[in-house]
**Q** 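One structure coming up, written as structure tokens, with questions to follow.
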Amino acid sequence: MISLDTDEEIVRKVTEKWEKTNSFRFNIDSDKPVFSIDTPPPYINAIIHVGNAMDYIINDAIARLERLNGKEVLFPFGLDKNGLPIEVQVEKEYKVNILNTDREKFLNLCNELLKRYSNESKTAMIKLGISFNNFSFGDSIGDAYETDSNLFRSTTQQIFIDLWKKGYIYEDKKIVNYCPVCHTTIADSEVEYEEADTSLYRIKVLVDGTEKEIATTRPEMIPACVALVANTSDERFKGLKTAKMPITNASVPVIFDESIDKNFGTGLMMLCSYGDKHDLELIRKHGLQEKIIITEEGRIKNTSLRYDGMLIIEARKSIVEDLRSAGYLIGEEKIHSQHPICWRSKTPIEFIPEKEFYVKQKEFKEDLLSLSMKMKFYPESSRQILLDWINSIDQDWPISRTRYYGTEIPLWKCMDCGEYLFVEDGKYHQPWKEPYPNGTCPKCGSKNIVGEKRILDTWFDSSGTNMFIAGFMRNNSFFDRAYPVSVRIHGKEIVRSWTFYSLLKSYILRKEVPFKEVVVHFHVVDQKGEKMSKSKGNTVTAIDALKSIPPDAFRLWVFLSGNPLEGDIRFSQDKINEAKRIINKVKNLAKFLSQFEYAETKEIGDFDRMVMEYFNWIYNSILEDFNRYDFFSGLLRLKNFLINVFADHVVELRKSALYRGEKPPAYVLNYILKNSLILMNPLAPFTSDYLFDVLFRSDINKEKFELKEPEADHSQIIEKIVELDSSIWKYKKDHGLSLNSPIESFKLDKELVGYKDIFSDAHKVKSWSV
RNA sequence: GGGCCCAUGGUCUAGCGGUUAUGACGUUGCCUUCACAUGGCAAAGGUCGGGAGUUCAAAUCUCCCUGGGCCCACCA
């Protein structure tokens, strides 16, 4: 009997083999059909926690599945290096402020810091056995890429220019979502809502000489008040004209609008520029003059009062004090409400006017909805997330950001005629420090040209990964073959950003879907079913988890605890232990069967043939599950068969025949093991790769999934066999007989008559009663 | 306010009109059985969230309610 390596050794040997033989390299010249997977590039220094790990494990299961399905799988590793996180970290570590640091110097600090990052995410991917085409960075199809490389950024810029030329990008000054901490405009998709208890203040206001009350959660906005609003049909406020505001003593009109809820607060609303989006709508609708009192740093301005310069929260406290001491504050109640925050910094956003570049999207809603119907969603119900989002769009996508570390907007502006200029040489450009390459303005001949300083929204970059990996701009013939990308797999929370923006771009540029399939998964929650979050301290990093859990056990756990496409899965020790046991069982099964020769033979007896046909049937149905990306059901089926039927009964029943050196059972049982290992490969690649090599002396990565024939659903008979086998074991045990001692007679189900010799052989039963 | 999803022993889960309602984990008891104590055997534990309806027959189909989860939306 062979002896097997320890789990650690297996992982080490297999990892080494994959690396040495370049097992998963993408071969662009292959004539196999291409299957492409666009994975979410992890942030360079992001800690890969178990939830991210699950995402990559699902990605990888699909990559390995499709390889076994005979596809040439394009599965490149990407690393995200753009955007805010690096800038924030630079500010913290080098104790600088982006607002008063020279841009060149700041970018150098970013690069310096990026170099120091250990790239832990890559280490985690290797440990998890994610079969990316290549872990080294390069410009060829399938190579690992970085989103701040010149190639990636020039691709993004080219996409920008394409959109600009076609008139899909415009510049406009509008009220935007502004994050005072990130100092930049953010898109609606970057706005999150946080539930919190806030105070609703009831404040006395003099309206046409009589006292009325307003209710507000943001008293600091009183100086920005431009009107009071009541419902058109609200009798209480009918005919009112002018209000005198406390604190500022300003006179504002009373206006009426249907959108006001008579029952909320006092029924009389303070309209400010801008407290929220509703304010924006009303001010536009009623043609009021805005009064902006919030700066880009989130401080108060333009009040000509002592609040100028204060942070919003400080101003709120001060104004409440002033209202109280002046007798205007009537009441304060706690209410539970949701307020908008920035997804990165988690601070409340403000609404202020800024001039930004926009990508048109409002006018394409219908087309985007119909394109959404052309992608296949797993599970089907997740399509609704995208449809809901598209339906809720009410403004275009602001894509310019006043930050430094990102892809520069590739435009220059002629200061004389105002024309925006660009070049189409396919190179990466930094207009803020680079003179306009063509020298003079083609429109007016002016030399007075200034480069654009802003960069692009990170989502403008990331939403092009599908085009990038398929070779957009650098290999057009391949791009035509590989686009749309086959599948994108990611969590529910980024449907409205990653999926949506990719769809938008693909629609505008090519009028086609960005990928054929979308797989949307749920999340990992902790042992008690609670969401993992840093603040709760219940997060677990992948690297930590892998210290005590072999990677295959970890990977099996993902598909063992429930279907991650249908619900959250718990990070539970019990399930992980179960996964470990399954792997151990398979290893032992392999160890046992390795003693007997795997040699094809035609002389197969009825019992072995029946078992083989039944296995073929199971195999085909597992394949069917897998091809629906339902690894959960497939694994459940495989586990039940392999352990509860195959190991416990079939192998036990055939043991004596095997020990006698009979060839057919040795062949059939090894055939089942061999094919089970192939089935396990997408889920537990280390163990299956290793055992396949040890037992069958060949590379599992060269195998192919093929429907088996003949197949037959013998589950009824199998059930009876399991039942009889168990009852004989139980009988012997109950009668104190050793397991190889003979039995005079036993009752046999008439459907099992044909297999009675098998039972006689295994249990030494001398005669049967039917 | 609108929408989507879910509800089966302590936990997870199978079930897709007729089953004594799967299986696993956990619990308890017994077993050093020759691949595997990361093993084997056995036991306890569920009126399938509640109600009504369709049907000869409902965990399974329909409706309502309740309780969870998620998403969207301008509640000041």
Side-chain angles (χ1 to χ4, degrees), chain A residues 1-4 7 188 193 198 200-201 214-219 221 225 228-230 257 259-261 263-272 274-282 335-340 351 379-394 492-493 495-496 522-523 525 527-529 531 550 553 560-563 566-570 572-596 632-633 636-637 639-640 643-644 647-648 651-652 655-656 658-659 726 729-730 732-734 737-740:
Chain A
M1 203 181 306
I2 53 164
S3 64
L4 298 176
D7 285 337
D188 284 352
Y193 289 84
T198 48
L200 181 67
Y201 299 95
I214 56 167
T216 180
T217 52
R218 302 201 55 185
M221 296 303 281
C225 179
L228 296 188
V229 203
D257 195 275
S259 66
I260 304 300
D261 183 350
N263 299 318
F264 186 88
T266 59
L268 192 59
M269 185 186 97
M270 175 172 83
L271 179 58
C272 307
Y274 291 94
D276 58 40
K277 276 203 211 156
H278 188 201
D279 289 349
L280 180 64
E281 275 171 34
L282 287 174
I335 58 163
H336 194 70
S337 72
Q338 291 189 322
H339 61 266
F351 301 91
E380 174 55 40
S381 58
S382 63
R383 183 196 309 275
Q384 200 58 42
I385 303 172
L386 180 62
L387 298 180
D388 283 351
W389 179 252
I390 295 174
N391 279 319
S392 75
I393 287 170
D394 60 4
K492 302 169 67 124
E493 76 288 356
V495 169
R496 67 176 186 173
F522 283 68
H523 298 116
V525 293
Q527 204 132 8
K528 284 176 261 164
K531 202 169 159 175
L560 203 60
S561 320
N563 189 340
E566 279 170 9
D568 289 338
I569 61 167
R570 289 185 192 212
S572 108
Q573 198 54 51
D574 288 346
K575 282 288 171 190
I576 289 163
N577 288 342
E578 189 185 348
K580 284 186 189 170
R581 268 184 233 113
I582 292 171
I583 287 166
N584 184 60
K585 193 81 185 179
V586 172
K587 280 171 74 178
N588 278 300
L589 202 50
K591 207 162 116 185
F592 174 72
L593 289 176
S594 69
Q595 304 169 85
F596 313 104
F632 168 71
S633 303
L636 200 69
R637 242 186 251 270
K639 182 194 80 172
N640 285 339
I643 294 175
N644 301 333
D648 286 357
V651 173
E652 291 298 333
K655 251 182 190 171
S656 43
L658 287 172
Y659 282 133
S726 306
W729 280 61
K730 186 165 160 37
K732 286 189 172 177
K733 202 169 158 342
D734 289 350
L737 298 169
S738 82
L739 294 167
N740 52 11

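Order of the sequence lines fixes the chain letters, A, B, ..., with proteins taken first and strands second; residue numbering starts at 1 for each chain. No experiment lies behind these values; they were computed from the predicted model shown. Any value given below was found using the heavy atoms of this structure, including those in side chains, with hydrogens, waters and symmetry copies removed.
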**Q** Sticking with atom P, work out how far B:G68 lies from B:G17, rounded to a whole angstrom.
**A**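 Nearest-Å result for B:G68 against B:G17 at atom P: 31 Å.
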**Q** Could you measure between the two C1' atoms, the one in B:A14 and the one in B:U66, and give it in whole Å?
**A**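 Approximately 26 Å lies between the C1' atom of B:A14 and that of B:U66.
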**Q** Checking all strands, does A:D574 fall into the base, sugar-phosphate, or nothing category for heavy-atom contacts under 4.0 angstrom?
**A** sugar-phosphate
**Q** Would one find a side-chain N or O of A:K655 under 4.0 angstrom from OP1 or OP2 of B:A35?
**A** yes
**Q** Is the shortest side-chain N/O distance from A:R218 to OP1 or OP2 of B:A76 below 4.0 Å?
**A**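 The answer is no; no side-chain N or O of A:R218 sits under 4.0 Å from OP1 or OP2.
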**Q** P atom, B:C75 versus B:A57: distance in rounded Å?
**A**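 It works out to 50 Å between them.
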**Q** For nucleotides B:A7 and B:G51, find the distance between their C1' atoms and express it as a whole number of Å.
**A**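 Result for the C1' pair: 16 Å, nearest Å.
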**Q** Looking at B:C36, does its base get a donor-acceptor pair with the side chain of A:K585 below 3.5 Å?
**A** yes
**Q** Within the 4.0 Å heavy-atom criterion, would you say A:I569 contacts the bases, only the backbone, or no part of the nucleic acid?
**A** nothing
**Q** Decide yes or no for A:R218 and A:M270: does some side-chain heavy atom of the first lie under 4.5 Å from some side-chain heavy atom of the second?
**A** no
**Q** So, does A:R570 get its side chain near the phosphate of B:U11, meaning an N or O under 4.0 Å from OP1 or OP2?
**A** no
**Q** Expressed as a whole number of Å, how far does the P atom of B:C16 sit from that of B:A73?
**A** 39 Å
**Q** Between A:R496 and B:C71, is there a contact of a side-chain N or O with OP1 or OP2 at under 4.0 Å?
**A** no
**Q** So what does A:A590 touch, heavy atoms closer than 4.0 Å: a base, only the sugar-phosphate, or nothing?
**A** nothing
